[in-house]
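To keep things clear, I will list the structure first and then write my remarks on it.
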There are 2 protein chains.
Amino acid sequence: MYNSVMDHEATPRRRVRDPEAHRTAILEAARAAFAERGYARATIRDIARRAGITHGLVMRHFGSKEQLFIAAMPGPKDLEELMPGPASTLPERIARAFIERMDRADGNDPFIALIRSAASDEPTVAGLYSAMRERSAAAYRTVVTGPDAEERIDLLASQLIGITFSRYVIGSGPLADMDSERLIEFLSASLRAVLQGPEP
Amino acid sequence: MYNSVMDHEATPRRRVRDPEAHRTAILEAARAAFAERGYARATIRDIARRAGITHGLVMRHFGSKEQLFIAAMPGPKDLEELMPGPASTLPERIARAFIERMDRADGNDPFIALIRSAASDEPTVAGLYSAMRERSAAAYRTVVTGPDAEERIDLLASQLIGITFSRYVIGSGPLADMDSERLIEFLSASLRAVLQGPEP
DNA sequence: GTTACTAATGACCAACCGTTCATTACCTTT
DNA sequence: AAAGGTAATGAACGGTTGGTCATTAGTAAC
């Protein structure tokens with residue numbers, strides 16, 4: 001009477017006792033679920049289903065949905081990989097590092113999962129963008145000079161954010177289908193314009 | 001026993017009979033709620049509370065949450081305003097039209113509300129970006145020529161998307177604080193680089 | 001074979017959601 | 001003043017969610 005939904009299966013589930021394997025399976029399933037549905041719409045029951053276990057076990061391993069999200073998502077290290085430190089030939093290096101890393105990432109990549117999750121949850125999206133911007137600033141502050149350096153760096157980050165959504169979040173259309181090398185060329189030209197500033 | 005949540009108030013609510021005023025109040029409240037919490041997390045009860053009426057009345061006026069969302073959000077006209085048709089001096093006109101329109105918009109602007117909603121809901125974000133891209137293509141296809149015109153247009157759209165998130169969704173940091181005129185100059189230079197393509 | 005430990009299960013709960021609908025109160029028309 | 005129409009209310013419902021917990025079943029040690 002209380003719960004009209006079947007929360008059980010017809011035949012009792014065969015028990016597999018393997019906590020470590022289950023833990024990693026949950027993390028993988030969580031990344032996929034958060035990426036597909038976003039944090040708010042992803043459910044623990046769905047994550048458990050993907051991992052081939054019950055939702056009670058997910059709670060046992062990670063305590064709460066939020067702790068599971070934190071455990072599944074990447075830390076600052078991944079951002080460092082995306083935007084490596086100062087380089088002499090700036091635009092090309094920045095463009096190449098970003099595009100090549102993102103193009104290589106598969107569906108289970110934690111950074112891709114974070115970006116897709118961010119598209120569905122407000123606190124997450126704010127955190128992601130501030131992280132990307134802060135990382136851009138930390139990486140390029142020493143090589144981007146001038147009185148408006150901070151603004152140029154922010155414009156740089158905004159370009160990366162725009163590419164990210166068009167190519168990796170939506171995942172279809174001309175930009176998504178574009179060859180990596182040509183995209184890097186275009187992005188380099190565009191970043192150079194931003195870093196050099198508006199010249200007549 | 002069935003519903004443990006209080007769905008009523010202690011003293012009966014004083015009834016105000018004004019369907020038109022209520023309708024517009026609901027639409028305003030809906031834009032605010034969707035912008036703040038995203039489509040999925042926004043609730044009809046909260047929208048009704050903001051509008052000063054009951055959630056039953058929201059259902060009466062708009063039938064369902066989805067229909068309310070559609071009614072509250074802007075149509076293609078707003079995108080036309082954001083990205084006007086072909087112009088001779090492309091980058092400057094594109095940059096100016098976009099930035100000036102967005103900077104002018106207040107918190108209740110339907111387009112701002114749509115963008116903020118998109119940051120919290122997956123179907124919405126996909127719809128928004130495809131709309132922005134299609135509008136970019138329709139607006140600039142006749143003036144952007146060459147074999148890779150579609151890709152350049154898509155890159156243009158991605159830059160607008162990136163600026164949108166950094167400046168208008170997050171709303172803080174160097175790019176958000178930047179003077180409109182300087183931003184237009186920077187964006188023009190960046191768009192020119194994309195539209196002209198990578199030249200050595 | 002028995003015991004002890006704990007991984008794993010699944011029934012249950014409280015809260016909240018969108019939606020429905022009988023009831024009520026306001027306003028206009030007679 | 002009575003009636004009719006309908007704007008507005010709020011109780012109820014079915015469904016889903018994150019979280020709890022008593023029970024069960026694998027497994028290793030003795």
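The sequence lines fix the lettering, A, B, ..., with proteins before strands; numbering per chain opens at 1.
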From CG of A/L57 across to C1' of D/dT23 the rounded distance in Å is 15 Å
Sorted by chain and number, sequence neighbours left out, side chain to side chain contact (heavy atoms under 4.5 Å, CB included) with A/A25 holds for A/A51
Nucleotide by nucleotide, 5' to 3', does protein get under 4.0 Å of the base (B), only the sugar-phosphate (S), or neither (-) in nucleotides 23-30 of chain C, counting heavy atoms?
-BBBS---
Using a cutoff of under 3.5 Å, can you pull out all pairs of nitrogen or oxygen atoms linking the protein to nucleotides 1-3 of chain C, with atom names and distances?
none

Just by distance, do the side chain of A/R31 and the backbone of A/A72 share a donor-acceptor pair under 3.5 Å?
yes
Taking atom P of D/dG10 as reference, at what distance in whole Å does atom CZ of B/R60 sit?
15 Å
Let's see if you can work this out: which of C/dT19, D/dG19, D/dG10 has an atom nearest to the side-chain heavy atoms of A/K65?
D/dG19
When we call it a touch if two heavy atoms are under 4.0 Å apart, what does A/A42 touch: a base, just sugar-phosphate, or nothing?
sugar-phosphate
Pairs satisfying salt bridge (charged side-chain N to carboxylate O under 4.0 Å, His left out), at least one member in residues 55-65 of chain B, at least two apart
none
Each nucleotide N or O in nucleotides 28-30 of chain D that has a protein N or O under 3.5 Å away: list the pair and distance.
none

note: B/M59, atom CE; D/dC13, atom P; distance rounded to Å ~ 18 Å
Output the rounded distance in Å from NE2 (A/H61) to P (D/dG18).
18 Å
In whole angstrom, give the distance that lies between atom CD of B/Q67 and atom P of C/dT19.
9 Å
Within a strict 4.5 Å, meaning less than it, do heavy atoms of the B/L155 and A/L183 side chains meet?
yes
Which atom names give the shortest non-hydrogen contact between A/G173 and B/D154, and what distance separates them?
C-OD2, 4.2 Å
Atom-pair distance (CD on B/E20; C1' on D/dT6), nearest Å
14 Å
Pairing annotation in dot-bracket form, given for DNA chain C with Watson-Crick or G-U pairs under 3.5 Å and | for cross-strand partners:
||||||||||||||||||||||||||||||
Least distance between heavy atoms, A/L191 atom then A/L156 atom:
CD2-CG, 4.0 Å
Side-chain heavy atoms of A/H61 within contact of A/P19, under 4.5 Å
yes
Whole-Å distance separating the CZ atom of A/R45 from the P atom of C/dT9:
14 Å
Can you label the angle between the B/Y39 ring and the B/F69 ring as parallel, tilted or perpendicular, going by 30° and 60°?
perpendicular
Kindly give the heavy-atom pair with the smallest separation between B/A40 and A/R41, and that separation in Å.
CB-NH1, 3.7 Å
Per B/H22 side chain, nearest of listed nucleotides C/dG18, D/dG10, D/dA8:
D/dA8
Between C1' on C/dT9 and NE2 on A/H55, what's the gap in Å once rounded to a whole number?
10 Å
B/R17: which residues meet the side chain to side chain contact (heavy atoms under 4.5 Å, CB included) condition with it, sequence neighbours left out?
none
Go through the structure and list residues passing side chain to side chain contact (heavy atoms under 4.5 Å, CB included) with B/A71, not counting sequence neighbours.
B/L27, B/F62
B/R50: what forms a side-chain hydrogen bond (donor to acceptor under 3.5 Å, both in side chains) with it, not counting sequence neighbours?
B/E36, B/D46
Map A/G56 and A/T43 onto DNA chain D by nearest heavy atom, then report which one ends up closer to the 5' terminus.
A/T43
Going by side chain to side chain contact (heavy atoms under 4.5 Å, CB included), name the residues that satisfy it together with A/T24, two or more places apart in sequence or in a different chain.
none
Nearest heavy-atom neighbours spanning A/V194 and B/F186
O-CE2, 3.5 Å
